[in-house]
Amino acid sequence: MKPIHADAPAGTAKAAFDPLATRSVHDWAHSSKLLVCRVDPTGRFVLAGAIDHTIQRWRIDTGARTAFAGHGNWVRTLGFSPDGATLYSGGYDGRLISWETATEKPAPVRTIEAHRGWLRGLAVSGDGRRVATCGNDRLVRVWSAGDGKLIHECGGHPQMVYCVQFVPGSNDLVSGDIVGNIHHWRGDNGRLERKFDGSEIHNIIADQAPFGGIINLAFSPDKKRLTACGLHKPTNAPAGNRRAVALSFDWASGAKFPKQESLRKEMDATMWRAVYHQDGVMVGVLDKEIGFWKQGEADLFYLAATPSPIFDLDLHPNQMDLFTAHFDGHVRGWRCGAG
Amino acid sequence: MGRRLFMGEFLSGVAAAAGTSLFSHPLGAGEITKRGKSVVVIFLDGGISQFESWDPKSDLETGGPFKAIPTTVPGVHVSELLPLTARQMHHMALVRSIRTDLDDHGLAKNIIRSGRTTRSATEYPELGAAVARGLERDGFPLPGHIRTMLEGEGGRVNNAAYLGPRYAGVSVGAQKGGIVNTRLPDGMTVTADGRRHDWRRFANERLSGRVRTAEINAYTQCYEQALRLMERRDLFDISREPLSTREAYGDSEFGKQLLLARRLVEQEVPFVEVNWGGWDFHHNNFEFHLHYVSEFDRHFAWFIADLAQRGLLDRTLVIVMTEFGRTPRINTGFGRDHYPKAWSIALAGCGIQRGAVIGRTDPKGIEVTDRQVDHRHLFHTYLRAVGIDSSGEFDVAGRKYPAADPAFGPIEELLA
């Protein structure tokens, strides 16, 4: 494949983003399964949430690890202020906790009992003034990053809410639920603006339980495309037979684009998260592999294998490195190119 | 019920019972004390996780994300997925120390249903057959062993072994208007139908004067039982319940089946089974349990409360049964696999020490550490709880069959 040339952020080296050249550059172990990972906006740290209720922070240059303790259940979601100074974490204890990202002795700065039941997703607004959370109580809540006060409570999802994202350059929000609804909320008053129907990547198993839904949401770099990821085609859901999928919508019109999945290699997988490279390549989790799609193409163009099932991934600000959080407790770093 | 299917399955059961008398007698003593008792089995088919139900653990690697919550019995905790059931725990008991060692669904169901260590589904009578036989009363107009269902034609299950098809499970539904296929076809009057049956009975009597076989008797019983079911079809019509009751039980299949079970318990049907399949979460265990157990909790708790409020729980034993537990190890799909080494069941109602918790497992839920029991102890206990002498014998055409595995006994401390 011809390398894609990325314009790296100021202070980082320009390099060619080339998924076909993906190789392992970091492998750091924790003793507990990891559910989420994020690279801080300065690119110094990668942090991961674990089922032992901790957050683990690794310095990317040295691999030095520091534990953050404060949650009372699985840590499911992480986010940062735009300057990277503040880390936000959300867990199945329903708590939203803020921390100093780079501190040597981590301790919760503020703890908000944000949701009744599991807190499943969080997002930080582009200006850093708001933090949005969502959870099993079917609510999206918007908090002031400054004083922790509730700004909006957005109710209307008929079922548990998996994920939330700010619309780029705006205080508007999108949220996705476990039965396939995507809601667009206005940032000024918290009211529902419109809905997207993602029910085709949601399934009901034996008339009882939802399976799939809108597991994560991402905007394309040109902000024209809203992508929901999850699963479809379940043949035996309790046994895990399903296929990973991304379903994208035209942000302006709401029209759906053809679904994106792994057509060249069938595998039982859930796309727990997909992120966009700044050049438009979509990178998604596919069980033990990382998939790469060109914008608009149904099938991926490359699969990078890893040693253990992946539950989350994030792009480093240098737009060259990927980090993955694994079932075996490892965070792994991958360089997509020759740099 | 589809009579053709009913007959077909019934006769397949006859073959298994060939050579036994269908006129054998129930267990002898204590008939009066057993009158009106019922057993309701709620079978969570596939294997509910003990961690996400009756034996929650706080161990970080095995316990999962759900917490333990207190119940109405001091010191007894269950999963937070069971908040409503927790409020009924004073009617209930738990057994947390079951070890059965078979991790195949079919084989595990055989042993847990029959109380014997067998690889055959037809070698020993299932609990329903044993209870139907043990609590049998002359002139009782309904089958003694009923499996509820909502749709389908129903039929007989070959699960009574040497006790004979008279005690085998009859699957009947709760369709609006009562069980299906029980109304006379268009053009058939009650008078004409009566004449048909008169002719059948006349022919049967003539034949039985010369030939008397189990098969013929089974045929006769089958027809008569089907007729009695047709006469009582309204019993199976849950739409006859007040709207408030139907709303309380809910619109789910499970809720409707529980409402039908309550109606059958009111009629003193000895054994009713409500089956809920799909509890086999090798993948996505926690998400599925979040939904399934919450649904179970809502309906089950109401069922127990309703039985108690109506005074039925004192004569009804409710068993929440499954074939095995789930692994302490969480697999790569965040599922739990089959685990027969340390698992749990719950009981409620008649004949048990309410609030009791039998046995325990280690902090990770890997091993039984106290009062290990298995399917054989449980089977004895179920029978004893409703007044059936589990150390006694069933007399089938003069041949004696132990009611339960004679090498084992009940969990005495669980019995009231």
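These numbers were taken from a predicted model, which means no experiment stands behind them. Labels below follow one simple rule: chain letters A, B, ... track the order of the sequence lines, proteins then strands, and each chain is numbered from 1.
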message = If we count only N and O atoms by modelled type, under 3.5 Å, do the side chains of A/His232 and A/His202 hold a donor and an acceptor together?
response = no
request  = Using distance alone, with no hydrogens and no angle criterion, decide if A/Trp334 and A/Ser24 have a side-chain donor and acceptor under 3.5 Å apart.
outcome  = no
task = Please determine, among B/Ile330, B/Asp337, B/Asn284, the option with the most heavy-atom pairs under 4.5 Å with chain A.
result = B/Ile330
With a 4.5 angstrom heavy-atom cut-off, is it the side chain or the backbone of [X] that approaches chain A, or both, or neither?
X        : result
B/Leu290 : side chain
B/Asn331 : backbone
B/Trp279 : neither
B/His283 : both

Where does the angle between the aromatic ring planes of [X] and [Y] fall among parallel (under 30°), tilted (30 to 60°) and perpendicular (over 60°)?
X        : Y        : answer
B/Phe334 : B/Phe286 : perpendicular
B/Phe296 : B/Trp54  : perpendicular
B/His105 : B/His338 : perpendicular

Which atoms of [X] approach chain B - backbone, side chain, both or neither, heavy atom under 4.5 Å:
X        : answer
A/Ser308 : neither
A/Leu35  : side chain
A/Ala237 : both
A/His53  : side chain
A/Asn136 : side chain
A/Ile178 : side chain

key: Aromatic centroids of A/His26 and A/Trp28 separated by under 6.0 Å   = yes
message = Are B/His289 and B/Phe281, when compared by the centres of their aromatic rings, separated by less than 6.0 Å?
response = yes
ask   = So, B/Lys256 and B/Asp251, do they make that salt bridge, N to O below 4.0 Å?
value = yes
